[in-house]
Amino acid sequence: MSAVPVATNDIRRLLVANRGEIAVRIIKACRSLGIEAIAAVSEADHESAAARMADGAVLIGPGPAAQSYLCPEKLIAAALDTGCDAIHPGYGFLSERAHFVRACMAANLVFVGPSPEAIEAMGEKITAVQLAEKARVPRVPGSAALESAGAAKEFAQKVGLPILIKASAGGGGRGMRVVHDLAQIEASFNAATSEAQSAFGDSAVYAEKYIKRARHIEIQIMADAHGNFVHLGERECSTQRRYQKLIEEAPSPSLNEETRLKLGTYALELARSVSYQGAGTVEFIMDEEAGEFYFLEMNTRIQVEHPITEMITGLDLVAEQIRVACGLPLSFTQEDVALKGHAIECRINAENPLKGFIPSPGTISVWEQPEFDGLRIDTHCSAGSRIPPFYDSLIAKVIVHDVNRERAIEKMLRALSELKIQGPATTTDFHRGVLSHDDFRAARVTTRWVEETFIPQWHASEKERDAIQ
Ligand code: ADP
């Protein structure tokens, strides 16, 4: 077990092994618990908001993540040198690396997250879908590990085209190939295996039936060392581009109470099967045509989009993760969880959506953010912040909460129009366009909608506007 049961006060100082908005978020949770936070920072982040806010900062290496945030030994040395007794990995970087958890345990540091065994079981998608099947959670009709293009072809002939070839170690929407035509199978299989090898160091791939009209629905769960397992409702994350989430909302406009309960039960069955502890997310894909839900994968960390669940439940999931890592029981039961109102999150990236979402690093010259009831902005940026070229381009998460979906959409539109960022290009106007679109308002969005419907229309209207001006 990573979260060695210890007395409450045993975490006195915690190393934040991450950067950006999530580092700031973790520092805030530490404050609320009376725990000191030390920010681990790369040379590119030594003046970051996390470095300024934390009780101390420690340099872990040069800007590129491979030489800093992705180095277990540097983070462990940083924790020990600064007298920390725990490490919070945030999301991405080392958050789902079992060997890092084991290294923390060997150094007597509490890892804020599940056991290395649970991470391993869920980290490889081929193993995860097998566990889901065992826990009787339905999975997308899929294959075992594919040894050859011939095996992929056999699978395609069995379930029918299109199919999706996926990297077992995949993440962030990478290592996936849709195959529409049998003639493409060999090339797609080879491309997927070599991409999987170079991106994840593991060439294993498998295939699933490709769901054409899909919605992404995920269940947030929390579990502790005392056998308590609670589900906290769902988030809908169907507004995606290239299989990456852009806008998330909770609850999902396409779920009824019965399905919510069914998915929550599935998620907990799966979590129990690996003696899960901490915060986790079980992802499902909904086949709109068939009206069926299937297991996709489990993420064994806090998610980027956790704030919308916090808004509708009133809970602090990051503080709860730390409490669980201290060996404390969850501070709430399933009966205490009441979902209230509607929350939406827009991911503001420093990217140019009119130029293929190309990253736009640089210095922020103007940053003005609104403040009103039901609005939360999770960010590490302000005027003068420098966005280094080395990392993910997320610069802020704009999160709103209101009594229903319509009001939440209106509130988000107001927040986005009052958010003023100059310097790098951002996705703010893109989000305004999505939220104003009839399809979004009517909740008719599937995972391919942004690319197939919205972007072509939006580009055409932007061009028209430019021509008039
Ligand atoms: P990753 O770990 O890379 O995020 P996931 O398995 O979570 O990969 O899938 C990411 C996204 O890819 C999903 O939200 C969905 O849009 C799409 N996707 C995954 N599997 C399928 C499938 N079988 N059919 C259609 N779309 C899929």
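Numbering of ligands and ligand atoms starts at 1, following listing order. For clarity, every value in this text was computed on a predicted model and none was experimentally measured.
- Residues passing the salt bridge (Lys or Arg N to Asp or Glu O under 4.0 Å) test with Glu288, sequence neighbours excluded: Arg213, Arg215.
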Between ligand 1 and the protein, find all N/O pairs closer than 3.5 Å and give the distance for each.
| residue | atom | partner | partner atom | Å |
| --- | --- | --- | --- | --- |
| ligand 1 | 2 (O) | Lys125 | NZ | 2.7 |
| ligand 1 | 2 (O) | Glu297 | OE1 | 3.4 |
| ligand 1 | 2 (O) | Glu297 | OE2 | 2.8 |
| ligand 1 | 3 (O) | Gly172 | N | 3.2 |
| ligand 1 | 3 (O) | Gly173 | N | 2.6 |
| ligand 1 | 6 (O) | Lys125 | NZ | 3.3 |
| ligand 1 | 6 (O) | Lys166 | NZ | 3.2 |
| ligand 1 | 7 (O) | Glu283 | OE1 | 2.9 |
| ligand 1 | 7 (O) | Glu297 | OE2 | 2.7 |
| ligand 1 | 8 (O) | Lys125 | NZ | 2.9 |
| ligand 1 | 14 (O) | His216 | ND1 | 2.7 |
| ligand 1 | 14 (O) | Gln240 | NE2 | 2.8 |
| ligand 1 | 16 (O) | Gln240 | OE1 | 2.7 |
| ligand 1 | 20 (N) | Lys166 | NZ | 3.0 |
| ligand 1 | 23 (N) | Glu208 | OE1 | 2.9 |
| ligand 1 | 23 (N) | Lys209 | O | 3.0 |
| ligand 1 | 24 (N) | Ile211 | N | 2.9 |

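- Between Phe93 and Tyr69, the ring center distance clears the sub-6.0 Å criterion.
- In summary, of the residues considered (Glu236, Glu345, Glu218), a salt bridge (charged side-chain N to carboxylate O under 4.0 Å, His left out) with Lys245 occurs for Glu218 alone.
- Thr447 and Gln240 share no donor-acceptor pair across their side chains, judged by distance under 3.5 Å alone.
- A pairwise comparison of heavy atoms in Tyr276 and Thr300 identifies OH-CA, 3.1 Å as the closest pair.
- In this structure, Arg432 forms no cation-pi arrangement with Phe440, as its terminal cationic atom is not both closer than 6.0 Å to the ring centre and no more than 45° off the ring axis.
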